[in-house]
Number of protein chains: 2
Amino acid sequence: MISEKTISRLTNYQTLLRQQQSMGTSHIFSHQLADLARVTPAQVRRDLMVIGYSGNPRTGYHVGDLQESLMQFFAFSTGIPTVLVGVGSLGRALLSYFMTGRSNIRILAAFDTDPVKTGRSISGCRVHPMTRLRETVADLTVTCGLITVPGTEAQKVVDALIASGIHGFVNFAPVRLKVPPTVFVENLDVTSSIEKAAFFARSYSLKTQEEQTHE
Amino acid sequence: MISEKTISRLTNYQTLLRQQQSMGTSHIFSHQLADLARVTPAQVRRDLMVIGYSGNPRTGYHVGDLQESLMQFFAFSTGIPTVLVGVGSLGRALLSYFMTGRSNIRILAAFDTDPVKTGRSISGCRVHPMTRLRETVADLTVTCGLITVPGTEAQKVVDALIASGIHGFVNFAPVRLKVPPTVFVENLDVTSSIEKAAFFARSYSLKTQEEQTHE
DNA sequence: TTCACGCTGTGACAAATTTCACAGCTAGAC
DNA sequence: GTCTAGCTGTGAAATTTGTCACAGCGTGAA
């Protein structure tokens, strides 16, 4: 079994390699990729082991080939089909970001309970009423659901999407969802992340002050 | 040294306890909190060790007291003062979410380079021109910076904020920032998270299909 | 008061993850 | 062709993180 952390880093490498390729880099060493990704060179080599791509001791990794291998590993060559549920301010922000299509994320449909928001398109994405979620999703081949509803609604939304056959979610609501073991949830809780950053900020800040005092 | 994961879980407990308290729960056992947070009871007890709060073998943890201890540990009783840089669609979404103030995050000021956006308020938060970042931040006591600018701008923005004395960041741009060891960065890369969820969705989905075939 | 149940707190253990360190290889120099 | 510098790939060690299991204790029952 391959770990979450490894997958996160691999997606990151993919992004970085795309940037490098557009800058005309044809070959790259593990330590260079490591610098870009802010990890150790050994970590890069370990990670690349799992996708089976081999570099060359003298020239490093061929950027194009490595990207190809990553694409194949992730099987995302045609983009990632998703649906978004909850067209609040965050939902709209995500629509506006992803519908302009600079990434390989495709939002195929959006849903909301509010009749004011449904029936029209936002950033070019059709917003359907929540009641038609099941039938609409059944017609599409969706890999991942984006949950941008209030915390109180999140559980019933994932339940419905799981019933429609979706196995992966990114949950922006500040609750922990209850899902069967065949379903993956990535929690993106902004508040929690800010609290975390604030905690370490404080601790680093205090440490810095102490050191300055001792000098 | 206390780990990032522990801090994440502690902030989560805090949120859950707040909910429980508003529901009138006065005492809670480690296994109950564990169920809410989707972790093991042992994990909860271990985590609570670090803040020094002790429960009672017969009645569990006192919700109010525990919350108090967590507050004290995080020293967030007055809220977390932040600034936001980059008033694009995501920046506006965060402003609209946090300025309504149901959390302890306080966005004290926003910044953008676009003259169209500066000089006015969005969701009740004043948007300043980027050129006045340094002086404005110096006047405030800010713990954490929220980076919602395009990837190409992110590095120069954090550099400026670090120079203004900020030690913690939540970075929404899809780049890895280069910061000194006295600065903490929490990366919230939505694209990367969706890719990760999509990968595991696919793998779980395939596994489920296989199992059904074998039956 | 005494007893017993079932929880907490924690040392010891197990698993996961990262880093080390080095054998083996390959392209370029000569 | 031969040599060499410096990389990759990978076992093994180290570190980090999570779990187990149980001694010890506090509360309510009798």
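Reminder, nothing fancy here: chain letters follow the sequence lines and each chain counts from 1.
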What class does the angle between the rings of B:Phe76 and B:Phe74 fall in, given that below 30° is parallel, 30 to 60° is tilted and above 60° is perpendicular?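 Plane angle under 30°, so parallel.
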Which label fits A:His31 and A:Phe29: parallel for a plane angle under 30°, tilted from 30 to 60°, or perpendicular past 60°?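 Answer is parallel, since the angle falls under 30°.
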From B:Ile105 atom CD1 to A:Ile194 atom CD1, the distance as rounded to the nearest 0.5 Å: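 Between B:Ile105 CD1 and A:Ile194 CD1, I get 4.5 Å after rounding to 0.5 Å.
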I want to check something: taking the side chain as every heavy atom from C-beta on, are B:Val85 and B:Phe169 in contact at a cut-off of under 4.5 Å?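 Result no, sub-4.5 Å side-chain heavy-atom pair not found.
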Student check: side-chain heavy atoms of A:Ile162 and A:Val179 closer than 4.5 Å: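 Heavy-atom side-chain distance check passes, below 4.5 Å.
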B:Arg45 has a side chain; which of D:dT27, D:dA21, D:dC25 sits nearest to it?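 My answer, after comparing the listed nucleotides, is D:dA21.
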Look at the side chain of B:Lys5 and decide which nucleotide, out of D:dT17, D:dT19, D:dT8, has an atom nearest to it.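 Of the options given, the side chain of B:Lys5 lies nearest D:dT17.
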Write down the distance between [atom1] ([X]) and [atom2] ([N]), rounded to a whole number of angstrom.
X: B:Arg38; N: D:dG18; atom1: CZ; atom2: C1'; answer: 19 Å
X: A:Leu48; N: D:dT10; atom1: CG; atom2: C1'; answer: 13 Å
X: A:His62; N: D:dC7; atom1: NE2; atom2: P; answer: 19 Å
X: A:Asp47; N: D:dT8; atom1: CG; atom2: P; answer: 14 Å
X: B:Met1; N: D:dT16; atom1: CE; atom2: C1'; answer: 13 Å
X: B:Asn56; N: D:dG24; atom1: CG; atom2: C1'; answer: 13 Å

Both A:Met49 and A:Arg58 contact DNA chain D. Taking the nearest nucleotide for each, which residue is further toward the 5' end?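 Looking at the nearest nucleotide for each, A:Arg58 comes out on the 5' side.
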Has B:Thr40 got a side-chain N or O lying under 4.0 Å from the OP1 or OP2 atom of D:dT19?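 It does, given that an N or O in the side chain of B:Thr40 lies less than 4.0 Å from OP1 or OP2 of D:dT19.
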Does D:dT8 have its OP1 or OP2 closer than 4.0 Å to a side-chain nitrogen or oxygen of A:Ser30?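 Answer is yes, contact under 4.0 Å.
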Walk along DNA chain C from 5' to 3' and tell me the first and last nucleotide with an atom closer than 4.0 Å to a non-hydrogen atom of chain A.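 Using the under 4.0 Å cut-off, the span is C:dT17 to C:dG28.
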Both A:Glu4 and B:Phe29 contact DNA chain C. Taking the nearest nucleotide for each, which residue is further toward the 5' end?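 The residue whose closest nucleotide sits nearer the 5' end is B:Phe29.
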Position toward the 5' end of DNA chain C (nearest nucleotide), A:Val39 or B:Arg46: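 Whichever sits nearer the 5' end wins; that is B:Arg46.
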Intermediate values then yes/no, side chain to side chain donor-acceptor pair (under 3.5 Å), A:Ser96 and A:Ser123: CA-CA 5 Å; A:Ser96 122; A:Ser123 299; 4.9 Å; no
May I ask you to check whether A:Phe184 and B:Phe199 place their ring centres under 6.0 Å from each other?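 They do not qualify: ring centres at least 6.0 Å apart.
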Looking at B:Ser192 and B:Asp189, would you say the former's side chain and the latter's main chain have a donor-acceptor pair under 3.5 Å?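 It does not hold such a pair.
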Using the side chain to side chain donor-acceptor pair (under 3.5 Å) rule, take B:Ser103 and A:Thr191 through it: C-alpha gap first, then chi angles, then the decisive distance, then the call. CA-CA 8 Å; B:Ser103 82; A:Thr191 304; 4.9 Å; no
Mind checking if A:Ser54 touches a base, just sugar-phosphate, or nothing, with heavy atoms under 4.0 Å?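 Sugar-phosphate contact only - A:Ser54 comes under 4.0 Å of backbone atoms but never of a base.
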Among residues 191-198 of chain B, which ones have heavy-atom contacts with DNA chain D below 4.0 Å?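 Result for residues 191-198 of chain B: none.
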